[in-house]
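Taking it in order: structure first as structure tokens, then the write-up.
All chains are named by letter (A, B, ...) in the order of the sequence lines, taking the proteins before the strands, and each is independently numbered beginning at 1. Since the model is a prediction, treat every value here as computed from it, not as a measurement. Only this structure's heavy atoms are used, side chains among them; waters, hydrogens and symmetry mates stay out.
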2 protein chains.
Amino acid sequence: MKKSKAYRSEAAAAIHETATGLFEAGVIDKRTMREFDDSCLTPIHEFTPGEIRALREREQVSQTVFAHHLNISKDSISQWERGEKRPAGPSLKLLSLIERKGLASIA
Amino acid sequence: MKKSKAYRSEAAAAIHETATGLFEAGVIDKRTMREFDDSCLTPIHEFTPGEIRALREREQVSQTVFAHHLNISKDSISQWERGEKRPAGPSLKLLSLIERKGLASIA
DNA sequence: GACAAGTATAGTACAAAGTTCTACAATTAG
DNA sequence: CTAATTGTAGAACTTTGTACTATACTTGTC
């Protein structure tokens, strides 16, 4: 996965709707629209074991409950926090969402 | 992953906050709280290749763009839709979120 | 028309994620 | 004291997801 520019999510959402309208009206082309689309995604980055634990503790849940929210096993959370394994693709997306918008946003 | 009861997400969110308050006030115990927590999660189910494609087309995006949103490769989306591989744990969670709340909800 | 770019299929090979199982502490609840 | 919860630890195992090709259809542009 490559880079992705950072935008404030709420502002981005609003602007995005406007852009969608412009696209449908034929004001901006497909290419611009797609690249714009990408730039609106929540920035995704790697997480250190400590960051994962801090994130979970911020949300005040046990490894088991945290795992349920991510739809993975509790063992995996333990492995992430101990640095035995590192979360990948879709898991990083979910962690980024939690970091930005809180655990409730993916409930 | 086990079962999970279905609740309307908005109503559930409100009720959940109330329950959290009750827990903090000591009215309900930890166990009840945790089980309640689980029941509030968006129900997760398997997706057939056709359902995945239908979901993507409902959101009007190409495989590439869809992949970016899920933070996976475009090849994986293609494989899902052709039934060559099946989305697992965290991927299913994201698909379920999109199905319930739309692609924008995980932007 | 020719040419490039975007979209999707198809096949291979591979690393690593995530699962499941077990056992063992430490803490807390009843 | 007993039982349940929480987290660590290590193992073997399955399969996702990646990366790399090549091909074909469509679309837009010069």
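Atom CD of A:Q63 and atom C1' of C:dA26 are 14 Å apart (whole Å). Rounded to whole angstrom, the span from the CD1 atom of B:I77 across to the C1' atom of C:dT9 amounts to 14 Å. At whole-Å resolution of the value, CG in A:L70 and P in C:dA17 are 16 Å apart. Residue B:K85 contributes atom NZ, which lies 11 Å from atom C1' of C:dG11 at whole-angstrom precision. Rounded to whole angstrom, the span from the CG atom of A:N71 across to the P atom of C:dG18 amounts to 11 Å. What separates CD of A:Q79 from P of D:dA12 is a distance of 14 Å, to the nearest Å. Atoms CG (B:L94) and C1' (D:dT16) sit 14 Å apart, rounded to a whole Å. The CD1-C1' distance, from A:I72 to C:dA17, rounds to 10 Å in whole Å.
B:E81 places no side-chain N or O within 3.5 Å of a backbone atom of B:S78 that could act as its donor or acceptor partner.
Where B:A88 and A:E81 each meet DNA chain D at their nearest nucleotide, the meeting point lying more 5' is that of A:E81. In terms of position along DNA chain C, the nucleotide closest to B:R82 lies nearer the 5' end than the nucleotide closest to the other residue of the pair B:R82 and A:P87.
In this structure, A:E84 reaches neither bases nor backbone, as no heavy-atom distance under 4.0 Å exists between it and the strands shown.
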Enumerate donor-acceptor pairs with a distance under 3.5 Å from any side-chain N or O in residues 92-99 of chain A to protein atoms, sequence neighbours excluded.
residue : atom : partner : partner atom : Å
A:K93   : NZ   : B:H69   : O            : 3.2
A:K93   : NZ   : B:I106  : O            : 2.9
A:S96   : OG   : A:L92   : O            : 2.9
A:E99   : OE1  : A:H45   : NE2          : 2.7

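Dashed line: the shortest gap from a side-chain N or O of A:S73 to OP1 or OP2 of C:dT19 is under 4.0 Å. The phosphate of D:dT16 (OP1 or OP2) has no side-chain N or O of B:W80 nearer than 4.0 angstrom. OP1 or OP2 of D:dT18 has at least one side-chain nitrogen or oxygen of B:S76 nearer than 4.0 Å. Taking 4.0 angstrom as the limit, A:S78 places none of its side-chain polar atoms (N or O) nearer than this to OP1 or OP2 of D:dG7. In this structure, A:S91 reaches the C:dG18 phosphate: one of its side-chain N or O atoms is under 4.0 Å from OP1 or OP2.
Closest to the A:R86 side chain, of the nucleotides D:dA11, C:dA17, C:dT12, is C:dA17. Set against C:dT7, C:dT19, C:dA13, the side chain of B:S62 has C:dT7 as its closest nucleotide.
Side-chain contact between A:E46 and A:P87 is absent, with no heavy-atom pair separated by less than 4.5 Å. Counting only heavy atoms from C-beta outward, the side chains of B:H68 and B:T64 approach each other to under 4.5 Å. Taking the side chain as every heavy atom from C-beta outward, A:S91 and A:R86 never approach each other to under 4.5 Å. By the 4.5 Å heavy-atom criterion applied to side chains, A:I77 and A:L70 are counted as neighbours.
Residues passing the salt bridge (Lys or Arg N to Asp or Glu O under 4.0 Å) test with A:R58, sequence neighbours excluded: none. Every residue two or more places apart in sequence or in another chain that forms a side-chain contact (heavy atoms from CB on, under 4.5 Å) with B:E84 is listed here: B:Q79, B:R82.
Of the residues in residues 50-60 of chain B, none has a non-hydrogen atom less than 4.0 angstrom from any atom of DNA chain D.
In this structure, the separation between OG on B:S62 and CD on B:E57 is 11.5 Å, given to the nearest 0.5 Å. A:L103 contributes atom CG, which lies 11.5 Å from atom CZ of A:R56 (distance to the nearest 0.5 angstrom).
Across B:G89 and A:N71, no two heavy atoms sit closer than the pair O-ND2, 2.9 Å. Heavy-atom minimum distance, B:G102 versus B:E59: CA-OE2, 3.6 Å.
Using five terminal pairs a side, the axes of the helix from C:dG1-D:dC30 to C:dG30-D:dC1 at its two ends make an angle of 60°, given in steps of 10 degrees.
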Tabulated below should be each protein N or O lying under 3.5 Å from an N or O of nucleotides 21-25 of chain C; please produce it.
residue : atom : partner : partner atom : Å
C:dC21  : N4   : A:D75   : OD1          : 3.2

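Judged as a ring pair (Phe, Tyr, Trp, His ring centres under 6.0 Å), not a single pair has a partner in residues 70-89 of chain B (not counting sequence neighbours).
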